[in-house]
There are 2 protein chains.
Amino acid sequence: MPYSSFASMPCTLSRPAALLGERWTLLLLRQIFLGTRRFEDFQATMDISRSVLTDRLNVLLQENVLKRVPYHEDGRTRHEYRLTEKGRDLYPVLMALRTWGEKWMAPEEEESFHLHHRDCGGGVRAKVECTECAAELTARDVQVTAKQ
Amino acid sequence: MPYSSFASMPCTLSRPAALLGERWTLLLLRQIFLGTRRFEDFQATMDISRSVLTDRLNVLLQENVLKRVPYHEDGRTRHEYRLTEKGRDLYPVLMALRTWGEKWMAPEEEESFHLHHRDCGGGVRAKVECTECAAELTARDVQVTAKQ
DNA sequence: TCCCTTGCGTTCGATTTTCGAACTCAGCTA
DNA sequence: TAGCTGAGTTCGAAAATCGAACGCAAGGGA
């Protein structure tokens with residue numbers, strides 16, 4: 001079973017994991033959420049090779065995580081990469097990574113960006129919760145049952 | 001800048017992203033959360049090559065996401081791989097992936113596992129919330145400011 | 001004692017991915 | 001006309017991954 005075939009496994013976790021578990025994809029999404037939209041800017045800020053950048057952008061376009069949007073500059077039409085609704089919905093994944101990174105991989109100095117809620121100025125964190133009782137859940141609170 | 005150097009960037013998102021954005025690592029963690037603990041079982045369920053499996057397990061051991069725990073079977077001592085507290089804390093990341101996968105990549109048939117809260121039987125989902133007002137947040141509700 | 005099995009790796013040559021540098025191409029601009 | 005710029009494409013070299021075979025230590029059975 002090659003790595004890519006996880007993309008077709010009947011598991012709601014393994015397919016996203018196969019997509020985002022490709023080299024550069026998570027870092028690319030991080031840049032996009034930070035506002036980067038153009039090929040040259042991805043190349044400059046991440047220093048990814050151009051061919052791999054092309055490939056990753058195309059995969060995300062195909063998966064409908066990104067869309068190409070035309071814009072005008074200096075009188076000519078170009079395209080930029082923007083998140084679709086599906087792409088914007090990946091925000092909790094990135095925030096879960098950040099929340100984890102802050103707790104467990106933070107260096108001595110503090111983080112380089114501050115995130116806060118526009119309305120109230122509070123901090124931001126990812127969590128898992130029960131859809132019924134709204135309790136915060138850890139792996140131990142969750143029972144896994146194979147579907148019959 | 002090679003891919004691996006993101007591991008040392010002063011960003012609480014890019015370091016975890018560089019770690020989990022390595023091929024197989026997310027899928028390996030998925031198996032571990034599902035209860036797989038032994039080398040042979042990882043090999044059998046994921047069909048990853050043995051050398052890469054060795055490498056990924058070692059990276060996760062080094063990062064202190066996993067620990068080796070001795071156990072006895074047939075009178076001899078062996079080791080299994082278990083999550084540390086740091087590793088268990090990755091649960092929200094995996095659940096965020098799953099929540100996204102369910103919404104956006106679910107095939108016609110339903111998922112192969114059911115997850116539910118042990119105490120009340122409710123469903124499980126990942127979300128991002130404000131640490132002050134507890135509102136659920138999307139990317140648009142969050143302001144990013146560079147730390148000065 | 002000798003041989004077989006098991007679990008857990010390591011080694012190695014072949015195949016895939018990724019890398020970096022150069023090249024292409026279209027549409028301005030001087 | 002020549003040059004510049006954004007957005008790729010191409011291609012040979014380097015790195016990562018693959019599958020299959022090998023190693024090895026600790027039982028168990030004959």
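First the proteins, then the strands, lettered A, B, ... as listed; each starts at 1. Everything quoted here is computed from the prediction, not taken from an experiment.
- Only B:V52, B:R56, listed by number, bring a heavy atom of residues 52-62 of chain B to less than 4.0 angstrom from any atom of DNA chain D.
- When rounded to the nearest whole Å, the span between CE of A:M46 and P of C:dC19 equals 10 Å.
- Between the side chains of A:Y71 and A:R38, a donor-acceptor pair is found at a separation under 3.5 Å.
- Which of C:dC19, D:dG8, C:dG7 sits closest to the side chain of B:Y71 comes down to C:dG7.
- For the pair B:L90 and B:L20, the minimum side-chain heavy-atom distance is below 4.5 Å.
- Rounded to the nearest 0.5 angstrom, A:Q31 CD and A:M46 CE are separated by 6.5 Å.
- Here the P atom of nucleotide C:dT18 and the CG atom of A:L28 are 13 Å apart, to the nearest Å.
- Rounded to an integer number of Å, the gap from CG of A:D47 to C1' of C:dC19 is 10 Å.
- A heavy-atom distance below 4.5 Å is not found between the side chains of A:H79 and A:F39.
- Side-chain atoms of B:R38 lie closest to C:dC8 of the nucleotides C:dC8, D:dG8, C:dT17.
- Residue A:R50 contributes atom CZ, which lies 17 Å from atom P of D:dC11 at whole-angstrom precision.
- Taking CZ from B:R82 and CG from B:L66, the interatomic distance works out to 11.5 Å, rounded to the nearest 0.5 Å.
- The list of salt bridge (charged side-chain N to carboxylate O under 4.0 Å, His left out) pairs with a residue in residues 113-126 of chain A, not counting sequence neighbours, reads A:R125-A:E136, A:R125-B:E129.
- Distance from the side chain of A:W24 is smallest for C:dT18 among the nucleotides C:dT18, C:dG20, C:dC8.
- Atom-to-atom, CD of A:E40 to P of D:dG8 comes out at 9 Å; the value is rounded to the nearest Å.
- Residues B:R50 and B:E40 are paired through a salt bridge, judged by an N-O separation under 4.0 Å between the basic side chain and the carboxylate.
- If you measure from atom CD1 of A:I48 to atom C1' of C:dG20, you get 13 Å, rounded to the nearest angstrom.
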Taking only N/O atoms, report every protein-nucleotides 24-30 of chain C pair under 3.5 Å with atom names and distance.
{"unit_1": "C:dC28", "atom_1": "OP1", "unit_2": "A:G75", "atom_2": "O", "d": "3.2"}

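- The shortest side-chain heavy-atom distance between B:Y81 and B:T36 does not fall under the 4.5 Å cut-off.
- Nucleotide D:dG23 holds its P atom 17 Å from the CZ atom of B:F39, rounded to whole Å.
- Where B:D41 and A:S49 each meet DNA chain C at their nearest nucleotide, the meeting point lying more 5' is that of B:D41.
- At a threshold of 4.5 Å between non-hydrogen side-chain atoms, the residues B:H116 and A:T145 count as touching.
- The nearest whole Å value for the distance from the NE2 atom in B:H72 to the C1' atom in C:dG7 is 15 Å.
- Of the candidates C:dT11, C:dC8, D:dG8, the closest approach to any side-chain atom of B:S51 belongs to C:dT11.
- Considering only side-chain atoms of B:Y81, the nucleotide from C:dC19, D:dT9, C:dG9 that sits closest is C:dG9.
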